[in-house]
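Working notes, structure below.
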Amino acid sequence: MYRHYLAKRAIILLTAIWAAATINFLIPHMSPKNPIAEKLTLLAATSGISPSRIKEMSEVFSEKFGLNKTLWEQYVTYLWNAVRFDFGPSIISYPTPVSELIGRALPWTLGLLFSATVIAFAAGTLLGAAAAKYRRAGALQALNALMMVLSALPFYLVGLVLIYLLAATTGWFPVSGGYDIFSIPTWSWSFALEVLDHSVLPALSIVIASVGVWAIGMRGMMISVQGEDYVEFARARGLKPSRIFFRYGIRTAILPQVTALALSMGQIVAGAILVEVVFGYPGVGTLLFQSISLFDYPTIYGIVLILVVTVAASMFIVDLIAPWIDPRIRVEA
């Protein structure tokens, strides 16, 4: 029975990735702009190449990137390359491979997004559980109102406020970048501290904007769970309140939280991308923004596909974990 459940989720995973990859291919082609022309126009403006030379280069580049083929042929080639995660060279940064550009930017995004999401999820879940347990405490009631306000704020708006208050006005943190522009990346404590200093505000903006969402969700689930028959039965048996709270309350309420975390990964990733753009952080979000601005198709394909696979894989992992957390799902599967 579990194998059937696993096979069904695997088919859904592959279908979702294929559909998202197809949309990822079609949307850039809807633009009337020619990425090769944009690249050569930029090159001509800086180097003074003659029009005849530009035309010749345009034909060579179009053949190199397969843009002289039909849309169907480009789609088949794109899918084959996507399966192998081989997107060739970047148009704007030619001849640097797309994989190399993403490889440089990905560690910055993973470090920022993973740490900020884990902190926000853990803090929000604990705050929500405490707010449900001590509902009559005045301080937690005020905290609930604050969480509701923060949950409505977008990532980038929080980032702009933090830049104004903690960077531009007080100078406590750097305004932008992943490290100082005069520094050379090295494996040293001084450079690590510099990177940490530059990551505080981007991470803080993600934590502040998302902690309220997790707190409100957990509080609602805990209040709902506290009224269930099995919790009342546990109280009637005389079990300790702490055991009822952790074993019957948090354990039951955490499952929807984990599922919501997987479902909201797309929004979290999109929000983190905007945060990177606001702070000029050298991650995947900034690279994607530059690639879209300059119509760099291969780089757009590579970044979006990796984001899609990451979000789909996280949802698949949650589907695998869920039956072990909640036995009811195992029975239904």
Side-chain angles (χ1 to χ4, degrees), residues 16-36 38-39 42 65 67 74-75 78-79 81-82 84-117 154-160 163 176-179 195 198-199 201-203 205-206 209-210 264-315:
I17 292 176
W18 169 77
T22 301
I23 294 172
N24 179 31
F25 171 80
L26 292 176
I27 287 180
H29 281 83
M30 292 179 181
S31 171
K33 298 281 187 179
N34 185 328
I36 301 301
E38 295 295 320
K39 162 75 175 177
L42 187 65
F65 289 98
L67 298 177
Q74 291 183 47
Y75 176 64
Y78 159 77
L79 285 183
N81 291 335
R84 299 179 297 151
F85 281 94
D86 178 13
F87 297 95
S90 162
I91 293 178
I92 301 304
S93 302
Y94 185 84
T96 305
V98 170
S99 57
E100 185 176 330
L101 293 177
I102 296 176
R104 290 179 198 161
L106 198 57
W108 293 93
T109 296
L110 287 178
L112 175 67
L113 186 60
F114 180 77
S115 57
T117 301
F155 293 88
Y156 65 89
L157 184 59
V158 177
L160 290 173
I163 288 176
S176 65
Y179 51 88
V195 170
H198 280 74
S199 66
L201 291 187
S205 62
I206 296 174
S210 56
S264 61
M265 275 303 294
Q267 295 178 348
I268 295 173
V269 170
I273 287 173
L274 290 177
V275 168
E276 286 187 3
V277 173
V278 168
F279 285 94
Y281 203 71
V284 173
T286 302
L287 179 62
L288 179 61
F289 178 74
Q290 294 170 348
S291 303
I292 293 174
S293 304
L294 299 171
F295 304 95
D296 191 350
Y297 286 0
T299 308
I300 296 173
Y301 292 157
I303 294 174
V304 174
L305 188 68
I306 286 178
L307 294 178
V308 167
V309 170
T310 302
V311 173
S314 65
M315 295 179 66

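Being a predicted model, the structure only gives us computed values, none of them experimental.
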Quick one: CG on Leu79 to CG on Leu305, what's the gap to the nearest 0.5 Å?
9.5 Å
Where is the tightest heavy-atom contact between Gly177 and Pro282, given as atom of each residue plus distance?
C-CD, 4.1 Å
Does any non-hydrogen side-chain atom of Val98 lie less than 4.5 Å from one of Ile303?
no
More than 12 heavy atoms of other residues, nucleotides or ligands under 6.0 Å from CZ of Phe289: is that the case?
no
Is the closest side-chain heavy-atom distance between Thr96 and Pro89 below 4.5 Å?
no
Could you tell me the separation between the CD1 atom of Ile292 and the OG1 atom of Thr299, rounded to the nearest 0.5 Å?
11.0 Å
With a 6.0 Å cut-off on ring centres, are Phe87 and Tyr301 close enough?
no
Val277 and Gly285: which non-hydrogen atoms are nearest, and at how many Å?
CG2-O, 4.0 Å
For the side chain of Ser93 and the backbone of Ser90, is there at least one donor-acceptor N/O pair under 3.5 Å apart?
no
Under 4.5 Å between any side-chain heavy atoms of Val309 and Phe85, yes or no?
yes
Spacing of Ile306 atom CD1 and Ile102 atom CD1 [to the nearest 0.5 Å]:
4.0 Å
Let me see the working for Asn24 and Ile300 under side-chain contact (heavy atoms from CB on, under 4.5 Å), right down to the final yes or no.
CA-CA 8 Å; Asn24 179 31; Ile300 296 173; 4.2 Å; yes
Only one of Val304, Val284, Asp296, Thr286 clears side-chain contact (heavy atoms from CB on, under 4.5 Å) with Ser291; which?
Asp296
For the student: nearest non-hydrogen atoms of Val158 and Ala209, plus distance:
CG2-CB, 4.0 Å
Approximate separation, where rounding is to 0.5 Å, of Leu274 CG and Leu157 CG:
11.5 Å
Under 3.5 Å, is there a donor-acceptor pair between the side chain of Ser115 and the main chain of Leu112?
yes
Which distance, rounded to the nearest 0.5 Å, do you find between the OG of Ser176 and the CD1 of Ile163?
7.5 Å
Donor-acceptor contact below 3.5 Å, side chain Tyr281 vs main chain Thr109:
no
Evaluate the side-chain proximity of Tyr78 to Tyr297: yes if any heavy-atom separation is below 4.5 Å, no if none is.
no
Can you tell me how far the CD atom of Glu276 sits from the CH2 atom of Trp108, to the nearest 0.5 Å?
10.5 Å
So, does Asp86 use its side chain to make a donor-acceptor pair with the main chain of Asn81 at under 3.5 Å?
no
